[in-house]
Enquirer: 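Before we start, here is the structure in question, set down as structure tokens.
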Amino acid sequence: DAKTTQPNSMESNEEEPVHLPCNHSTISGTDYIHWYRQLPSQGPEYVIHGLTSNVNNRMASLAIAEDRKSSTLILHRATLRDAAVYYCILNGSGGSNYKLTFGKGTLLTVNP
Amino acid sequence: NAGVTQTPKFQVLKTGQSMTLQCAQDMNHEYMSWYRQDPGMGLRLIHYSVGAGITDQGEVPNGYNVSRSTTEDFPLRLLSAAPSQTSVYFCASSRNRGQGTDTQYFGPGTRLTVL
């Protein structure tokens, strides 16, 4: 399984942008890059996903490097409610799409 | 839609006891799975099902049984609880279109302590 590498922790101030990096140098051509986050004492929740092009939704933006070996989750204005563990996960096709492999993720702390 | 529901929220067992963790989803999703999360760790896949009547093992299946008799329900059974099974258990579901675009919906979790 292709693996991802994320920093253990990051810190941000409220209302400032946050860039959460992820390296996935062994990504295959059919792997989608997914981001989930886990708020304290809750189950993970889907944030965003992409294949090659940058993606935006109401929660965040996903910037994908041209060679797809890295990506960055962007929270445009961090709020206290964004404090969570963020997981970068590769989601393939052809039968492995449902076997998500969670690493330890990045613990994001947001300071008021 | 209630999404993915799990019961109970908390449970304390003694070593050797058995119990069933319940999971249900009302989104007509084909795929369902169980994960466990130990302190400071990511989630690890225990068992999964791609449809009613079909189950398979994940990364850490030992000590757990599953069955899938309906699309909606996917219970996880602990046959003889051990302290090493103390963890938080999450159930998840998704449409299984066999594509990397499939996203998973997680339940709120069951916190299990085995004494």
Side-chain angles (χ1 to χ4, degrees), chain A residues 1-9 22 24 27-53 55 57 59-60 62 64 68 71 84-107, chain B residues 2-7 9-10 21 23 25 27 29-51 54-61 68 74 87-111:
Chain A
D1 291 341
K3 292 190 179 347
T4 63
T5 304
Q6 300 176 252
N8 288 336
S9 62
C22 180
H24 28 78
I27 190 170
S28 75
T30 56
D31 284 339
Y32 282 76
I33 301 157
H34 283 240
W35 284 81
Y36 285 76
R37 72 178 185 180
Q38 187 173 19
L39 302 173
S41 300
Q42 295 189 27
E45 63 175 348
Y46 165 78
V47 177
I48 199 167
H49 74 272
L51 183 63
T52 56
S53 303
V55 185
N57 67 19
M59 289 180 72
L62 176 60
I64 301 172
R68 299 205 333 121
S71 61
V85 177
Y86 287 78
Y87 297 98
C88 169
I89 298 170
L90 301 183
N91 195 357
S93 59
S96 65
N97 54 298
Y98 40 76
K99 299 179 188 176
L100 299 185
T101 300
F102 285 80
K104 293 186 180 181
T106 297
L107 174 63
Chain B
V4 179
T5 58
Q6 293 183 236
T7 56
K9 284 187 169 33
F10 301 93
L21 279 63
C23 175
Q25 52 91 10
M27 297 173 283
H29 284 169
E30 294 174 351
Y31 172 72
M32 296 185 74
S33 60
W34 279 100
Y35 293 85
R36 61 176 287 173
Q37 184 174 35
D38 299 322
M41 305 291 289
L43 281 71
R44 291 185 292 169
L45 184 63
I46 304 172
H47 284 286
Y48 64 94
S49 168
V50 298
I54 306 170
T55 64
D56 207 344
Q57 297 180 351
E59 180 186 356
V60 288
R68 183 97 178 269
F74 191 43
S87 190
V88 182
Y89 292 83
F90 293 101
C91 180
S93 74
S94 73
R95 283 191 286 263
N96 181 24
R97 295 165 294 188
Q99 300 170 8
T101 54
D102 290 340
T103 60
Q104 294 199 16
Y105 296 80
F106 286 82
T110 294
R111 294 184 179 275

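To find a chain, count down the sequence lines: A is the first, B the second, and so on, and within it residues start at 1. The figures here come from the full heavy-atom set of this structure, side chains too, leaving out hydrogens, waters and symmetry mates.
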Enquirer: Evaluate whether atom CZ of A/Phe102 has more than 12 neighbouring non-hydrogen atoms of other residues, nucleotides or ligands under 6.0 angstrom away.
Expert: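 Above 12, so yes.
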Enquirer: For the candidates B/Gln37, B/Glu59, B/Met41, which exhibits the highest count of non-hydrogen atom pairs separated by less than 4.5 Å from chain A?
Expert: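 Heavy-atom pairs under 4.5 Å are most numerous for B/Gln37.
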Enquirer: Against chain B, work out which of A/Gln42, A/His49, A/Glu45 has the most heavy-atom pairs shorter than 4.5 Å and name it.
Expert: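 Of the candidates given, the most pairs with chain B belong to A/His49.
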Enquirer: Using the side-chain contact (heavy atoms from CB on, under 4.5 Å) rule, take B/Leu45 and A/Leu100 through it: C-alpha gap first, then chi angles, then the decisive distance, then the call.
Expert: CA-CA 8 Å; B/Leu45 184 63; A/Leu100 299 185; over 6 Å; no
Enquirer: Strictly by modelled atom types, are B/Thr103 and A/His34 linked by a side-chain donor-acceptor pair under 3.5 Å?
Expert: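 No.
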Enquirer: In terms of heavy-atom proximity below 4.5 Å to chain A, should B/Arg44 be classed as side chain, backbone, both, or neither?
Expert: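 Looking at B/Arg44, nothing touches chain A.
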Enquirer: Report the relative orientation of the aromatic rings in B/Phe106 and B/Tyr35; use parallel for angles under 30°, tilted for 30 to 60°, perpendicular for over 60°.
Expert: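 B/Phe106 and B/Tyr35: tilted rings.
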